[in-house]
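Below, chain A is the first sequence line, B the second, and so on; all start at residue 1. Source: prediction; values computed, not measured.
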Amino acid sequence: MINIKFPDQSIRQYSEGVTGLDIARSISEGLARNVLAIKVNGEVWDATRPIFQDASIRLLTWDDDEGKATMWHSSAHLMAEAIESLYPGVKFGVGPDIENGFYYDIDFGDYQISSDDFKKIEDRMMEFARQKQEFKRRNVSKDEALEYFRRKGDEYKVELINDLEDGSITFYESGQFTDLCRGPHLPNTSPIKAVKLLSTAGAYWRGDEKRKMLTRIYGITFPKAEMLAEFLNMLEEAKKRDHRKIGKELDLFHFSARVGNGLPLWTPRGALLRERLMDFLKKELYKRGYVLVASPHIGNVNLYKTSGHYEKYGADSFRPISTPEPGEEFMLKPMNCPHHCEIYNRKPMSYKELPQRYAEFGTVYRYEQSGVLHGLTRVRGFTQDDAHIFCRPDQLKEEFIGVIDLVIFLFKTFNFNNFITQVSLRDPDNKAKYIGTDENWDKAEQAIIEAAEEKNLNPILAKGEAAFYGPKLDFIVKDAIGRKWQLSTIQVDYNLPERFELEYIGADNQRHRPIMIHRAIFGSIERFVAVMLEHTAGKLPLWLAPTQVIILPVSEKYQIYAENVSQLLKNSEIRSLIDDRNEKIGKKIRDAELQHIPYMLIVGEKEEMNNTVSVRKQGQGDMGSFSIKEFMDAVNNQVQDFL
RNA sequence: GCCGAUGUAGCUCAGCUGGUAGAGCAGCUGAUUUGUAAUCAGCCGGCCGGCGGUUCGAGUCCGUCCAUCGGCUCCA
């Protein structure tokens, strides 16, 4: 007998060789039907794999991320089986589960697969799923594995196997399909009750653009048909919230091929929104001891050679600008930091003057590959809400805490209540590839982790994810429909202080090297606007709305009164418009609602007589009648914290 | 950049197997003078993404370039 410990710490005894499925069945038949996999001592196993030793276990169902992952991984096999049966001779690359579903990279030879083929494949997948095909795990020797796929003519699998250790290789068989696979998998295909293939895409074999491009097919499966319907609804909702669509509808920004792709043009309304965001942030920066600096859009090539950016952005980015002076070249700045380093460098700095916190809404230019451009989230010219903090090593933690506070304050302000954080640390097995001393790295990593813990961030620790120049802390927000966006980043940099020979004079009268912290809260204004629009579905808060109030005269007779109201609002710095079109009030309200204008003021005979406005709040309807002053006070009250 | 798809009026879209462009919304004009999510009528508006080709004839077929979309890769 062996002892099996459950998540609630209770222990039950089972005979050796018991499987997850057996354990589930010993609890209830219902659980046995729902169990997709089992976690054994922290490792996810097939629910059908026998357990021979004492173990802590957790039965995994659809409600567990690992349960979903197992199902989607098995679904990738199911899709591969369906595709192999429909298109014999295709070759398979890799087919993992991903955050929302799974994909498989496939070499279809000469056949050009398209979404028209999806229905056929989905039907075949469901047919196989209903057959309740079992997933059978089998250990194979490297020779046997190679032999199998050589005979099958699948060079991709052969390549994968060649990279594996003999003795660690497993095959999974389901129906007519055998795949090289680590697993785990479902006991059988029956939990898969709904299938949807989502898209095709080209994907380089092993992510290497020099190698062959395979066809990737994305799909998702569910244990219930209703869940698929829900998922498809969510996709619809995401489409409705697409910032590119909202940006057009609300007339915020525009792209012109004549200006150049990836170069956003901000319309009057959009520019206003940007200004509001930047003004708000500036005010916070002053409060928190930052100082604004400013630098030009170009800098001498030598600046970027010193910083190392030339190497990174020189060849594949906008080409340097030449001048009448032979040999003289300037670059559009891809980063603000070199300029800020030179601002720091302008005079000897005392330890008493640190930290220096330089902030700039700096517009930078990077020649992104045409295929990656995407609305406002990926562009070629964008404005970072950038800042660089130059501090002493003993100030690092405190500075981190300061930035974390600012980030949290802003997330709260913008209603991003759901976010995760990640600390990127260096790879402990490969310390050589990082610049900076061992001691400094240890201290910095420690400082970041401590700062994050003090702020209860509960960060994910990602070893080996740090840049070569320093560890960092990233903030990833989840928007209203659960999508993740990386916004804020705080990065330690040992590299630039070195390259720019930054110094301060310490209390010991010796020269010391300051530490530099890069930090951006919004990331870029462009991206932040995009995320805001998708998060709010275009319903911007009052203080950000380009038009805060629209005055709707019931008929032309009240035009003069409407203008009077408008003037009063303007005097009070409330952004308003009059809808003086010859339309009925219902129509004007409808259009204002669709434009998500926070307040509508209906004015007619009653209002003109009593010097009032009838207030309608966007999304909520009629709020009743108020004096103009009452209304203005209420508006000013709501926005005052943001001015 | 690469793979695939798409590109028709300011916006959203229709236009079958090639015969020379259509709707709704927006805009303009007029009528109506309106009370909390679409008043009616008329009008304007298109080198059918650009360039080449096939054809008597191309929005429709072919090539090419550009842009957009979904991915790969990269990143804010």
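One P atom belongs to B:rU12, the other to B:rG7, and the distance between them is 13 Å to the nearest Å. B:rG50 and B:rC56 have their C1' atoms separated by 26 Å, given to the nearest Å. Taking atom P on both nucleotides, B:rU6 is separated from B:rC16 by 14 Å, rounded to a whole Å. Here the separation of B:rA14 from B:rA9, taken at their P atoms, is 12 Å to the nearest Å. Between B:rG22 and B:rC48, the two C1' atoms lie 12 Å apart (nearest whole Å). Rounded to a whole angstrom, the distance from the P atom of B:rG70 to that of B:rU55 is 40 Å. Using P as the reference atom, B:rC43 and B:rC2 are 49 Å apart when rounded to the nearest Å. Taking atom C1' on both nucleotides, B:rC65 is separated from B:rU20 by 25 Å, rounded to a whole Å.
Residue-level contact check: A:Gly621 touches neither bases nor backbone, having no heavy atom under 4.0 Å from any strand. At the heavy-atom level, A:Glu526 lies nowhere under 4.0 Å from the strands shown. In this structure, A:Ser614 reaches the bases: a heavy-atom distance under 4.0 Å links it to at least one base atom across the strands shown. When heavy atoms are screened at a 4.0 angstrom cut-off, A:Glu249 is found touching no nucleic acid atom at all. A:Ile585 comes within contact range of the sugar-phosphate backbone alone, with a heavy-atom separation under 4.0 Å but no base atom that close. The residue A:Val379 sits close to a base: some heavy atom pair falls under 4.0 Å.
With the 3.5 Å cutoff on both pairing distances, Watson-Crick and G-U pairs in RNA chain B assemble into runs of at least 3 at B:1-7 with B:66-72, B:10-13 with B:22-25, B:27-31 with B:39-43, B:49-53 with B:61-65.
For A:Asp385 and B:rA76, the CG to C1' distance is 9 Å, given to the nearest whole Å. The interatomic distance linking A:Asp117 (CG) with B:rG4 (C1') rounds to 13 Å, in whole Å. Rounded to a whole Å, the NZ atom of A:Lys557 is 4 Å from the P atom of B:rU34. Nucleotide B:rA76 holds its P atom 9 Å from the CG atom of A:Asp474, rounded to whole Å. Atom-to-atom, CD1 of A:Ile246 to C1' of B:rC11 comes out at 15 Å; the value is rounded to the nearest Å. Distance A:Ile589 CD1 to B:rU36 P: 7 Å, rounded to the nearest Å. Distance, A:Ile521 CD1 to B:rA76 P: 15 Å, rounded to whole Å. Rounded to whole Å, the distance from OH on A:Tyr365 to P on B:rC74 is 26 Å.
With B:rU36, B:rA37, B:rU39 as the candidates, the nucleotide lying closest to the side chain of A:Lys584 is B:rU39. The side chain of A:Arg590 has B:rA37 as its nearest neighbour among B:rU39, B:rU34, B:rA37. Here the nucleotide nearest the side chain of A:Glu607, chosen from B:rU36, B:rA76, B:rG35, is B:rG35. You'll find that the side chain of A:Ser524 is closest to B:rA76, out of B:rU33, B:rA76, B:rG35.
The neighbour count for A:Lys484 NZ, taken as heavy atoms of other residues, nucleotides or ligands under 6.0 Å away, does not exceed 12. The number of heavy atoms from other shown groups lying within 6.0 Å of CD (A:Gln620) is above 12. Heavy atoms from other residues, nucleotides or ligands lying under 6.0 Å from CD of A:Glu249 number more than 12.
The 5' end of RNA chain B is approached more closely, in terms of each residue's nearest nucleotide, by A:Arg616 than by the other of A:Arg616 and A:Leu487. Sequence order on RNA chain B of the closest nucleotides to A:Val554 and A:Phe522 puts A:Val554 first from the 5' end.
Using modelled atom types, one side-chain atom of A:Lys588 and one backbone atom of A:Pro553 make a donor-acceptor pair closer than 3.5 Å.
For B:rG1, its base never sits under 3.5 Å from the side chain of A:Glu368 at any donor and acceptor pair. Looking at A:Arg527, its side chain has no donor and acceptor atom pair within 3.5 Å of the base of B:rA76. Looking at A:Arg581, its side chain has no donor and acceptor atom pair within 3.5 Å of the base of B:rA26.
Cation-pi geometry between A:Arg211 and A:Tyr204 is not satisfied (NZ or CZ under 6.0 Å from the ring centre, within 45° of the ring normal).
Residue A:Lys587 places none of its side-chain N or O atoms closer than 4.0 Å to OP1 or OP2 of B:rU39. A close approach under 4.0 Å does not occur between any side-chain nitrogen or oxygen of A:Lys248 and OP1 or OP2 of B:rG10. OP1 and OP2 of B:rU73 both lie 4.0 Å or more from every side-chain N or O belonging to A:Arg206.
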(request) If a protein heavy atom is under 4.0 Å from the base, mark B; if only from the sugar-phosphate, S; if neither, -; do that for nucleotides 65-72 of chain B going 5' to 3'. (result) --SSSBBB
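In the model, A:Tyr434 has no side-chain atom that pairs as donor or acceptor with a side-chain atom of A:Asp427 under 3.5 Å. With hydrogens and angles left out, the side-chain atoms of A:Trp485 and A:Glu534 include no donor and acceptor closer than 3.5 Å. For the residue pair A:Arg269 / A:Thr547, a side-chain donor-acceptor distance below 3.5 Å is found, with atom types taken as modelled. Side chain to side chain, A:Gln491 and A:Tyr469 meet the donor-acceptor criterion of an N or O pair below 3.5 Å.
The distance between the ring centers of A:Tyr365 and A:Phe382 does not fall below 6.0 angstrom. A ring-centre distance under 6.0 Å is found for A:Phe631 and A:Tyr599.
Residues forming a side-chain contact (heavy atoms from CB on, under 4.5 Å) with A:Pro334 (at least two apart in sequence, or on another chain): A:Tyr304, A:His309, A:Tyr313, A:Met331, A:Arg366.
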